[in-house]
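Here the structure comes first, spelled out in structure tokens, and everything after it is commentary.
It should be emphasised that the depicted structure is a prediction, and the values quoted were computed from it without experimental measurement. Computed over heavy atoms, backbone and side chain alike; hydrogens, waters and symmetry mates excluded.
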Amino acid sequence: MIEVKEDIFIGVEDMDEQHLKLLELLNNVINLLHEGKKEEAMHLFNREILDYTEKHLADEEKFMESIEYPELENHKKIHEVFRREIQNLAPYIEQGDPKAFREALALAWGWLYNHITKTDRKYAIYARERCLI
């Protein structure tokens, strides 16, 4: 299980809720793996996590646009790298490739945690300093 720690909360309510949802989905995948349901875990990852991640990234970009975040274009580039990496693994996961699945899980968790605590925190600070949230 991935433990929720205080440092993942950035202070933007909608984004915090979506970050928690992503962690919940990753924990659901981990639970399925612990239950020996590897195929179901792979399918959940490809179906729900990838879809929800795309929704989240789009919502986050809209939020940054709404606050006129000056680092928006750089942030979008970071999102695009993640999208490309995870989408490249998706067909292999769908075919049942365990190595691709392990890579995608590690990528998703590592990226999500580091991205939230470092990169996302910057737009939250920007919004708070300007009384936009």
(message) Is there a side chain to side chain contact (heavy atoms under 4.5 Å, CB included) between Q95 and Y92? Walk through the geometry before answering.
(response) CA-CA 5 Å; Q95 295 168 5; Y92 299 103; 4.2 Å; yes
Can you tell if the side chain of [X] reaches within under 4.5 Å of the side chain of [Y], non-hydrogen atoms only?
X: F101; Y: V29; value: yes
X: Y123; Y: L72; value: no
X: K77; Y: E80; value: no

For [X], give me all partners under side chain to side chain donor-acceptor pair (under 3.5 Å), at least two apart in sequence or on another chain.
X: K55; answer: D59
X: Y113; answer: D7
X: N74; answer: E71
X: E65; answer: K76

Rounded to the nearest 0.5 Å, how far does [atom2] of [Y] lie from [atom1] of [X]?
X: L33; Y: L105; atom1: CG; atom2: CG; result: 6.5 Å
X: N46; Y: Q87; atom1: CG; atom2: CD; result: 8.0 Å
X: F45; Y: N28; atom1: CZ; atom2: CG; result: 13.0 Å
X: I116; Y: Q18; atom1: CD1; atom2: CD; result: 10.5 Å
X: I78; Y: E73; atom1: CD1; atom2: CD; result: 11.5 Å
X: H19; Y: E24; atom1: NE2; atom2: CD; result: 14.5 Å

(message) Would a single hydrophobic cluster contain both F63 and I125, if residues Ile, Leu, Val, Met, Phe, Trp and Tyr are joined by side-chain heavy-atom contacts under 4.5 Å?
(response)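 No; F63 is not reachable from I125 via cluster members.
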(message) Tell me every residue that passes side-chain contact (heavy atoms from CB on, under 4.5 Å) with A58, counting only those two or more places apart in sequence or in another chain.
(response)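 Listed in chain order: nothing, the list is empty.
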(message) Please determine whether the number of non-hydrogen atoms from other residues, nucleotides or ligands lying under 6.0 Å from atom CD of E54 exceeds 12.
(response) yes
(message) Other residues, nucleotides and ligands only: do more than 12 of their heavy atoms fall within 6.0 Å of CZ on F82?
(response)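 Enclosed: over 12 neighbouring heavy atoms sit under 6.0 Å from CZ of F82.
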(message) Can you list everything that forms a ring-ring contact (aromatic ring centres under 6.0 Å, His included) with Y69? Sequence neighbours excluded, please.
(response)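 Listed in chain order: Y126.
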(request) With sequence neighbours excluded, tell me which residues meet ring-ring contact (aromatic ring centres under 6.0 Å, His included) with H115. (result) H75, H79, W111
Residue pairs passing the salt bridge (Lys or Arg N to Asp or Glu O under 4.0 Å) test where at least one lies in [range], sequence neighbours excluded:
range: residues 30-53; answer: E35-K37
range: residues 100-120; answer: K99-E103
range: residues 124-133; answer: none

(request) Identify, with sequence neighbours excluded, every residue that meets salt bridge (charged side-chain N to carboxylate O under 4.0 Å, His left out) alongside E61. (result) R83
(message) Restricting to salt bridge (charged side-chain N to carboxylate O under 4.0 Å, His left out), what partner residues turn up for E94, sequence neighbours left out?
(response) none
(message) I'd like to know whether E85 forms a side chain to side chain contact (heavy atoms under 4.5 Å, CB included) with V81, so could you lay out the CA-CA distance, the side-chain angles of the two residues, the decisive distance to 0.1 Å, and finally the verdict.
(response) CA-CA 6 Å; E85 289 176 357; V81 169; 3.5 Å; yes
Please check if the side chain of [X] supplies one atom and the backbone of [Y] the other of a donor-acceptor pair under 3.5 Å.
X: N88; Y: R84; value: yes
X: D97; Y: I93; value: no
X: D16; Y: F9; value: no

(message) Using the rule given for side chain to side chain contact (heavy atoms under 4.5 Å, CB included), can you reason through K21 versus L25, listing the C-alpha separation, both sets of side-chain angles and the distance that settles it, and then say yes or no?
(response) CA-CA 6 Å; K21 176 68 175 177; L25 289 169; 4.3 Å; yes
(message) On a heavy-atom basis, which atom in A108 and which in L26 lie closest, and how many Å separate them?
(response)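 Distance-wise, the nearest heavy atoms are CB-CD2, 4.1 Å.
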(request) For I86 and A104, work out which heavy atoms get closest and say how close. (result) CD1-O, 3.8 Å
